[in-house]
Amino acid sequence: MTPAEILSRDLCEIAASIRDGSVSSRAVTEAVLGMMEARGRELGAVARLWPERAMAEAEACDRERAAGRLRGPLHGVPLVHKDMFYRAGELTECGSRLFAGFRPAVTATVLERLDAAGAIDAGRTHMVEVALGITGHNPWTGTPRNPWNRARLTGGSTSGGAASVAARLNFATLGSDTGGSIRVPAAFCNLVGIKPTYGRVSRAGCMPLSFTLDHIGPIARSAADCALLLRVIAGRDPRDPTTGDQPVPDYPAALGEDLRGQRILALVDGLGCAPEPIVLRRFAEARDVLRDLGAELREAAFPAGEPLNVLRRVIGMAEPAALHREHVLNRREAFNPHTLARMEPGFAIGAGVYARALAARGEMLARICRELLSDADLLVLPTAVSGAPPIVETDTGGDARFVALANRLTACVAPFNYLGLPAASVPMGFDEEGLPLGLQIVGRPFAEARVLRACHAFERATGHGRRVPPFSALAAA
Amino acid sequence: MSEHAADRPDAAVPVSPEARRVARELTRLVDRVTRDLPFGAEPADYLVIRDRLAEPAPDPRR
């Protein structure tokens, strides 16, 4: 197989090919490292690669396979992750000058689980500074470019990760999502990304931003790929006491081709934002597809979209402010203005207000489940109000316009961080300029299997996710 | 809500007038949306409610 042929395969396919010996881990790892070095750097997606480490692991995987031993379902598959997942002793800079030279002493639980499943950790991708930002802008590292249109943003904060997966340079990536940082880049780059239930995936050893709102999950080219990764990384972790004891389902086995019997509620109003007309048109088409797949579809307004965004913003400002207080006091100049603009109000929010926003979380979860999910299995709504905005015109340096853009881009996704409900974005088609749009699918707590099943059925019916962007490993250089 | 309640809780950190305005506005909105919060509600309730509402795993035999 040529490097382009290798990289055209999705994660499940390449993992199966390595397992059955039709391609070596060495060849796959060389293809990923080579294309990430060349095209990934051109996109501004690559923070650093670990060729020596990755190739040594690949050769070890090939030797083990020849001896009849497989480490797990990801045996020999190289992956490059967002630059915020700690590996003991390895550089982890979190998109920030503040973390320059940082080498953690611990390894993230999610990486330990990927290691045990046989994955090869091949490097890190660029991200928004300390993961606080939805657009993808990062003046310090450079802003990654969207492979669908390199003048456009990727979305953030998993910016370089989404760009690398969309451009077929990387099979999948781990991301974090505090207010949409998995789902919005997935939508802007025509990928599938799932933010699991709060507590489904351990956050131990991941750079914290907001202990109440942070979620870890995969971004990949298909729901099946996300299912495979989630199966590996999910589950109780004594190092993260918020993780639940619920058993981890066999997500790949739960995927299906139709949605017969699924009760889906489409949130067509009350989002607290106005999606662009093309987004509403694609959303209407998506509802038709869901009906054709056999779902019982009803439409309703989102009863608490705006209040949920308010409550999330309070926590999403106060907790990063608490985490970074000493950084802001002593090294303020080291922050991008975009980051400070989103964090600074957190220093002026009173303790009582923060405590009320936290205390209301359980009550709001119970209310939304009672009002929306008692006679529906899933909710659907657009992931974002538009396709990816332009990089240059929207870089207004963290002023009020920038904050307003960020609030607009998080409006449809952030409520589910506050509620902690599982929410995925799946490709929903394209706007008039050929930019991808995303459909968001939300379930009850720990309903990731159902959410992924709906994503899988939708992507199989539409084929949107099979389209390859103009800039990719598959296109002539 | 008193204006100065949200003015400078962390006085050591310099905060721009715009950030103070945002904080005041969010304070006003939180006051409104949590007006009916039951007495005694606390953050730890969230995990209990999450687990109570958890969807059972799909039956692998089906």
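Keep in mind that the numbers below use all heavy atoms, side chains included, and drop hydrogens, waters and symmetry copies. Just so you know, these numbers come straight off a predicted model, no measurement behind them.
Across A:Ser202 and A:Asp237, no two heavy atoms sit closer than the pair OG-OD2, 2.5 Å. Residues A:Pro345 and A:Ala341 come closest through the heavy atom pair CD-O, 3.5 Å. When all heavy atoms of A:Gly420 and B:Tyr46 are compared, the pair lying nearest together is CA-OH, 3.3 Å. Residues B:Arg50 and A:Thr242 approach most closely at NH1-O, 3.0 Å, considering heavy atoms. The minimum heavy-atom distance between A:Asn309 and A:Pro415, with the atom names listed, is OD1-CD, 3.5 Å.
If you tally non-hydrogen atom pairs under 4.5 Å between each of A:Pro249, A:Gly443, A:Ala449, A:Pro247 and chain B, the highest count goes to A:Pro249. By number of non-hydrogen pairs under 4.5 angstrom with chain A, the leading residue of B:Ile49, B:Asp36, B:Val48 is B:Ile49. Each of B:Ala54, B:Ala44, B:Gly40, B:Ala41 has some count of heavy-atom pairs under 4.5 Å with chain A, and the biggest count is that of B:Ala54. For chain A, the option among B:Leu26, B:Asp45, B:Leu29 with the highest count of heavy-atom pairs below 4.5 Å is B:Leu26. Counting heavy-atom pairs under 4.5 Å between each of A:Arg453, A:Arg325, A:Arg332, A:Glu448 and chain B puts A:Arg325 at the top.
Residue A:Arg239 qualifies as enclosed at atom CZ: its count of foreign heavy atoms under 6.0 Å is above 12. With a 6.0 Å radius and a threshold of 12 heavy atoms from other residues, nucleotides or ligands, A:Glu306 has its CD atom at or below the threshold.
With a threshold of 4.5 angstrom between heavy atoms, B:Pro56 does not approach chain A through any atom at all. In this structure, the portion of A:Thr197 lying under 4.5 Å from any heavy atom of chain B is its side chain and not its backbone. In this structure, the portion of B:Leu47 lying under 4.5 Å from any heavy atom of chain A is its side chain and not its backbone. For A:Leu373, no part lies under 4.5 angstrom from a heavy atom of chain B. Heavy atoms of B:Glu18 lying under 4.5 Å from chain A belong exclusively to its side chain.
Listed by sequence position, A:Leu358, A:Ala359, A:Ala360, A:Arg361, A:Gly362, A:Glu363, A:Leu365, A:Ala366, A:Cys369 are the residues of residues 358-369 of chain A in contact with chain B, using a 4.5 angstrom heavy-atom cutoff.
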Point to revise | Trace of the side chain to side chain contact (heavy atoms under 4.5 Å, CB included) decision for A:His456 with A:Glu257 | key: CA-CA 7 Å; A:His456 181 70; A:Glu257 302 277 312; 3.5 Å; yes
Exercise for review: Please lay out, stage by stage, how A:Thr396 and A:Arg401 fare under the test side-chain hydrogen bond (donor to acceptor under 3.5 Å, both in side chains).
Suggested key: CA-CA 7 Å; A:Thr396 54; A:Arg401 285 172 298 169; 4.5 Å; no
Practice item. Apply side-chain hydrogen bond (donor to acceptor under 3.5 Å, both in side chains) to the pair A:Asp240 and A:Thr243, showing each step before the final yes or no. Key: CA-CA 6 Å; A:Asp240 180 349; A:Thr243 49; 5.0 Å; no
